[in-house]
Amino acid sequence: MWTRLYALIVKELLAVLRDPKGRAILIGPPIVQLLVFSYAATLEVRNVDVLILNRDSGHWGQELIERIDGSPTFRKIEIASSQAEVRVAIDNQTAIAAVEIGPDFSRNIEAGAPADLQMVLDGRRSNASQIVAGYLSQIGAALAAETPAGKRAGADIVSTVPRNWFNPNLTYQWFMVPNLIASIALLIGLIVTALSIARERELGTFDQLMVSPLRIHEILIGKLIPPMMIGLFHITVYILAAVFLFEVPLRGSLFLLYGSAIFYLGSVAGLGLFISALSMTQQQAILGAFLFMVPAMLLSGFATPIENMPGWLQPVTLINPLRYFLVIVKGVFLKDIPLSEVVNQTIPLALIATVTLSAAAWLFRRRLE
């Protein structure tokens with residue numbers, strides 16, 4: 001048995017790695033994706049253009065403009081002369097937001113009365129415009145607190161001091177890079193596994209494999225181990241890049257991370273084998289992998305919390321292996337997740353791997369009948 005398994009594993013590795021272009025695809029693009037997505041895939045809003053219509057001739061209106069101009073969030077500040085210019089700028093998307101300072105802004109803010117400050121936002125970019133509105137509101141609130149009326153009222157206002165646990169400086173790479181470790185491993189593992197059986201069918205060697213002395217479970221194990229080895233290699237590279245290149249703290253145990261990664265890659269490979277067993281060509285296998293991968297990314301909690309999804313959609317995420325491994329990766333990196341929590345997130349991965357591998361074995365047996 002072990003001799004047969006060893007021969008099949010070597011055959012699978014050679015089929016993937018002997019082609020120079022195949023080696024380049026397995027090594028180059030994942031590294032590029034990690035570097036590009038770590039900087040490009042961000043929900044932070046920076047380098048935006050803002051239009052300001054100042055109808056106030058006092059000191060505080062000009063002070064507000066200077067503070068907005070001095071913020072690193074905003075790239076360019078344009079001064080409008082009329083509301084028509086504001087309308088044209090928002091319509092043409094030359095500015096994401098426009099601030100209109102009322103004629104009594106300085107007088108009211110000096111007296112501690114409500115000041116007239118209006119923001120016009122581009123609703124076509126809803127998320128970015130809301131974040132920009134939050135930045136502008138913070139600047140206006142800080143300015144109001146420094147006026148004489150604001151200082152007089154300061155003693156009666158509760159002071160709130162935020163403290164961010166696990167990511168004190170809100171460094172976005174600390175959130176994004178652990179997510180990419182799990183996501184890119186899903187991409188590579190799923191595609192490599194999905195192509196394995198489809199490639200055999202296109203080359204005409206699948207029937208030879210099925211009539212060989214190899215049993216069904218031996219074929220599954222032989223097809224399962226090489227993609228897991230490639231996946232573990234990629235995860236190791238990503239961890240090294242996260243720690244030494246992006247300086248993401250590794251507070252937890254690497255032993256727990258790699259232990260759960262084996263079950264995660266097993267569940268991914270099981271899904272890939274199931275897709276490959278259903279596919280007759282490599283093109284069908286790739287399409288099937290992407291058909292699963294895109295919803296898996298959206299339903300994993302990568303970009304939006306699962307709690308924000310509709311109630312009827314949340315149970316669907318329970319069959320998504322990426323959901324569980326994201327919790328483990330971020331927990332090991334940022335907060336030293338305990339063993340009990342790793343086990344709780346790993347058990348569903350083992351169940352997914354068991355179900356998908358069993359389904360793939362059933363499809364293989366049907367092929368023999």
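Hydrogens, waters and symmetry mates are skipped; everything else that's a heavy atom, side chains included, is used. Along the sequence shown, residues are numbered consecutively beginning with 1.
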Note: Ala98 and Val86 closest approach over all heavy atoms is CB-CG1, 3.5 Å

Looking at residues at least two apart in the chain, or sitting in another chain, which of them share a side chain to side chain donor-acceptor pair (under 3.5 Å) with Asp49? Arg75

Test item: Phe274 and Val355 side chains (from C-beta on) under 4.5 Å apart, heavy atoms: no

Which heavy-atom pair separates Ala80 from Leu53 by the least distance, and what is that distance? O-CD1, 3.3 Å

Measuring from atom CG of Leu326 to atom CD1 of Ile181, what distance do you get when rounded to the nearest 0.5 angstrom? 10.5 Å

In the single-linkage hydrophobic clustering (I, L, V, M, F, W, Y; side-chain heavy atoms under 4.5 Å), do Leu271 and Leu291 co-cluster? no

Sub-4.5 Å side-chain heavy-atom contact between Ile65 and Asn54: yes

Value for OG1 (Thr346) from CD (Glu341), rounded to nearest 0.5 Å, stands at 9.5 Å

Ignoring hydrogens, what is the shortest heavy-atom contact between Val342 and Ile337? Give both atom names and the distance. CG2-CG2, 3.6 Å

Do Phe333 and Pro249 have side chains that get closer than 4.5 Å, going by heavy atoms? no

Could you please spell out the steps behind the side-chain contact (heavy atoms from CB on, under 4.5 Å) verdict for Ser183 and Met297? CA-CA 7 Å; Ser183 303; Met297 295 283 287; 3.7 Å; yes

Do Asp69 and Phe74 have side-chain heavy atoms sitting under 4.5 Å apart? no

Does Ile184 belong to the same Ile/Leu/Val/Met/Phe/Trp/Tyr cluster as Leu240, with side-chain heavy atoms less than 4.5 Å apart forming each link? yes

Taking the side chain as C-beta and beyond, is there a heavy-atom pair between Val327 and Arg323 under 4.5 Å? no

Applying side-chain hydrogen bond (donor to acceptor under 3.5 Å, both in side chains) to Tyr324 and Ser260, what does each step give before you reach the verdict? CA-CA 10 Å; Tyr324 305 102; Ser260 61; over 6 Å; no

Check whether more than 12 heavy atoms from other residues, nucleotides or ligands sit under 6.0 Å from atom CZ of Arg67, and answer yes or no. yes

CZ of Phe166: more than 12 outside heavy atoms within 6.0 angstrom? yes

Does atom CD (Gln283) have a neighbourhood of more than 12 heavy atoms from anything else shown, all under 6.0 Å? no

Enclosure of Phe255 CZ (heavy-atom neighbours >12, cutoff 6.0 Å): no

Any donor-acceptor pair under 3.5 Å linking the side chain of Asn167 with the backbone of Thr171? yes

Applying the 4.5 Å side-chain criterion to the ILVMFWY set and letting contacts propagate, would Phe292 and Ile188 be lumped into a single cluster? yes

Please name the residue in the list Leu254, Leu250, Ile239 that meets the side chain to side chain contact (heavy atoms under 4.5 Å, CB included) test with Val332. Leu250

Could you check if a side-chain atom of Met176 sits within less than 4.5 angstrom of a side-chain atom of Phe302, using non-hydrogen atoms only? yes

Does the pair Glu85 and Val88 meet the rule for a side-chain contact (heavy atoms from CB on, under 4.5 Å), with working shown? CA-CA 5 Å; Glu85 290 187 27; Val88 171; 5.8 Å; no

For the CD1 atom on Ile319, are there more than 12 heavy atoms of other groups (residues, nucleotides or ligands in this structure) within a distance under 6.0 Å? no

Which is it for Leu339 and Leu256 under the side-chain contact (heavy atoms from CB on, under 4.5 Å) test, yes or no, and what are the steps along the way? CA-CA 7 Å; Leu339 173 63; Leu256 294 179; 3.4 Å; yes

Would a hydrophobic clustering, with Ile, Leu, Val, Met, Phe, Trp and Tyr connected at side-chain separations under 4.5 Å, put Leu299 with Leu318? no

How long is the gap from CD1 on Ile352 to OH on Tyr264, to the nearest 0.5 Å? 10.0 Å

Working to the nearest 0.5 Å, report the span between CD1 of Ile262 and CD1 of Ile235. 9.5 Å

Going by heavy atoms in the side chains, are Pro168 and Trp174 under 4.5 Å from each other? yes

List the atom of Thr193, the atom of Ser276, and the distance in Å for their closest heavy-atom pair. O-CB, 3.8 Å

Run the side-chain contact (heavy atoms from CB on, under 4.5 Å) check on Leu136 and Val99 step by step: do they pass? CA-CA 9 Å; Leu136 293 171; Val99 180; 3.7 Å; yes

Less than 3.5 Å apart, any donor N or O on the side chain of Asn320 or Ser300 sitting next to an acceptor on the other? no

Mind checking whether Val329 and Phe175 sit in one hydrophobic cluster, side chains of I, L, V, M, F, W, Y counted as touching below 4.5 Å? yes

Residue pair Ala242 / Val177: nearest heavy atoms and the distance that separates them: CB-CG1, 3.4 Å

What distance separates Leu51 CG from Thr94 OG1, expressed to the nearest 0.5 Å? 7.0 Å

CZ/Arg87: more than 12 non-hydrogen atoms of other groups inside 6.0 Å: no

Give, for atom CE of Met229 and atom CG of Leu265, the distance between the pair rounded to the nearest 0.5 Å. 12.0 Å

Backbone N/O of Arg124 and side chain of Asp122: donor-acceptor pair under 3.5 Å: yes

Over 12 foreign heavy atoms within 6.0 Å of CD, Gln314: yes

For Ala133 against Leu121, the heavy-atom pair lying closest together: CB-CD1, 3.7 Å

Give a yes or no on whether Gln93 atom CD has more than 12 heavy-atom contacts from other residues, nucleotides or ligands under 6.0 Å away. yes

Is there side-chain contact between Glu78 and Ile52, with at least one heavy-atom pair below 4.5 Å? no

